[in-house]
Amino acid sequence: MQLLEKKEINFTPIFLMGNAVLLIVLLLIQIINFARIGKVADSKTPTLVELNDGSSIRASPIGNDERSLQAITYFVGQTMTGLLSWTGIPKSDDSNSDPTKKAVLDAGVQVGEKKITTNVWVIGFALSEDFRGNFLEELGNLTPVDVFNGTTQSVLAVRYFSEPQKLAPGHWSIDMVANLVVFQGSNQVGKAIAFNKTVFVRAIDTPIPPSNSSSIQRIAYSVRKAGLEIYKIQDLEIGK
């Protein structure tokens, strides 16, 4: 009896078909991924930020060394006004005011041989460390002694801010035209002194303060949370 020869099975076509199916599946996966990535790229960047108190604000993404022109102008305005507005009279709180209780005047903070008001000392943390000490000493020389007995006050009246000019990545300058108005005694009109300056600003990092930070550290962090600092102030030459 003649034995039948067994045919060998050719796996090559099966392998090619399986490989083709696998490539088609991978291609479909890639197409789906590209479609999803394109959808994310075309979607609008979220601009609504929720704060800890539940309120929401609008925000726009910017680079680490970038600040909006409005933010720079606002920072310079708030800082310069705080540094040049002097009063020894504490802020009144109508909810806790006691007409029989005498207000305690600000004793000030010693800087060099002179004193500055406590509020100016606080705002001073918005200045860079290599500039802060000398500038606060200059403010101490300008601050009238009568500020601390409540008979003299001052306010910085800003008349004009130029648009911030970018000097380098994270560095700007802004021109300010203002008057330092000093009110002394019964003079309610005040004496105006021209205070025209070019203010130089740069972007800084704003780390989160540690939970065990001191009161001075918390004050410094709160002032510097704007992510900006003033590192130089020079006279503005108008007309040149």
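This chain uses plain numbering: 1 for the first residue, then up along the sequence.
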Roughly how far, to the nearest 0.5 Å, is the [atom2] atom of [Y] from the [atom1] atom of [X]?
X      : Y      : atom1 : atom2 : result
Thr79  : Leu127 : OG1   : CG    : 7.5 Å
Leu136 : Ile116 : CG    : CD1   : 4.5 Å
Asn119 : Leu83  : CG    : CG    : 9.0 Å
Glu229 : Asp205 : CD    : CG    : 10.5 Å

*Ignoring hydrogens and angles, state whether a donor on the side chain of Thr117 or Asp106 is under 3.5 Å from an acceptor on the partner side chain.*
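No.
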For residues [X] and [Y], determine if any side-chain heavy atom of one lies less than 4.5 Å from a side-chain heavy atom of the other.
X      : Y      : result
Thr198 : Ile233 : no
Leu84  : Leu139 : yes
Val158 : Met80  : no
Leu23  : Leu27  : no

Donor-acceptor check, side chain of [X] to backbone of [Y], threshold 3.5 angstrom: yes or no?
X      : Y      : result
Asn196 : Ala178 : yes
Arg218 : Ser213 : yes
Thr152 : Val147 : no
Arg202 : Ile230 : no
Asn179 : Val181 : no
Ser173 : Pro164 : no

*How far apart are the C-alpha atoms of Trp86 and Val155, what are their side-chain angles, what is the distance that settles it, and do they pass the side-chain contact (heavy atoms from CB on, under 4.5 Å) test?*
CA-CA 7 Å; Trp86 311 320; Val155 62; over 6 Å; no
_Residue pairs passing the side chain to side chain donor-acceptor pair (under 3.5 Å) test where at least one lies in residues 129-144, sequence neighbours excluded_ =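 Matches after skipping sequence neighbours: Ser128-Asp130.
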_With side-chain contact (heavy atoms from CB on, under 4.5 Å) as the criterion, how do Asp146 and Asn149 come out once you've worked through the C-alpha distance, each side chain's angles and the decisive distance to 0.1 Å?_
CA-CA 5 Å; Asp146 291 340; Asn149 61 29; 3.4 Å; yes
Hydrophobic cluster membership, [X] vs [Y], 4.5 Å side-chain cutoff:
X      : Y      : result
Phe135 : Leu236 : no
Ile89  : Phe148 : no
Ile174 : Ile204 : no
Phe161 : Leu156 : yes

*Going by the ring pair (Phe, Tyr, Trp, His ring centres under 6.0 Å) test, which pairs reach into residues 166-207, not counting sequence neighbours?*
His171-Tyr231
*Listed partners of Lys115 passing salt bridge (Lys or Arg N to Asp or Glu O under 4.0 Å), at least two apart*: none
*Count the heavy atoms of every other residue, nucleotide or ligand shown that sit under 6.0 Å from CD of Glu113, and state whether that count exceeds 12.*
no
*Could you give all pairs that pass the salt bridge (Lys or Arg N to Asp or Glu O under 4.0 Å) test and reach residues 159-171, with sequence neighbours left out?*
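Non-adjacent pairs meeting salt bridge (Lys or Arg N to Asp or Glu O under 4.0 Å): Glu66-Lys166.
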_Is there a side-chain contact (heavy atoms from CB on, under 4.5 Å) between Lys197 and Val177? Walk through the geometry before answering._
CA-CA 7 Å; Lys197 303 292 180 180; Val177 177; over 6 Å; no
*Using side chain to side chain contact (heavy atoms under 4.5 Å, CB included) as the criterion, list what pairs up with Gln78, not counting sequence neighbours.*
Tyr74
*List in chain and number order the residues that pass side chain to side chain contact (heavy atoms under 4.5 Å, CB included) with Ser214, two or more places apart in sequence or in another chain; answer none if no residue qualifies.*
Ile216, Gln217
*Give the intermediate values and the outcome of side-chain contact (heavy atoms from CB on, under 4.5 Å) for residues Thr206 and Tyr221.*
CA-CA 8 Å; Thr206 53; Tyr221 279 115; over 6 Å; no
_Minimum heavy-atom separation for Gly140 and Lys114, please, with both atom names._
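Closest pair (atom of Gly140, atom of Lys114, distance): O-CB, 3.4 Å.
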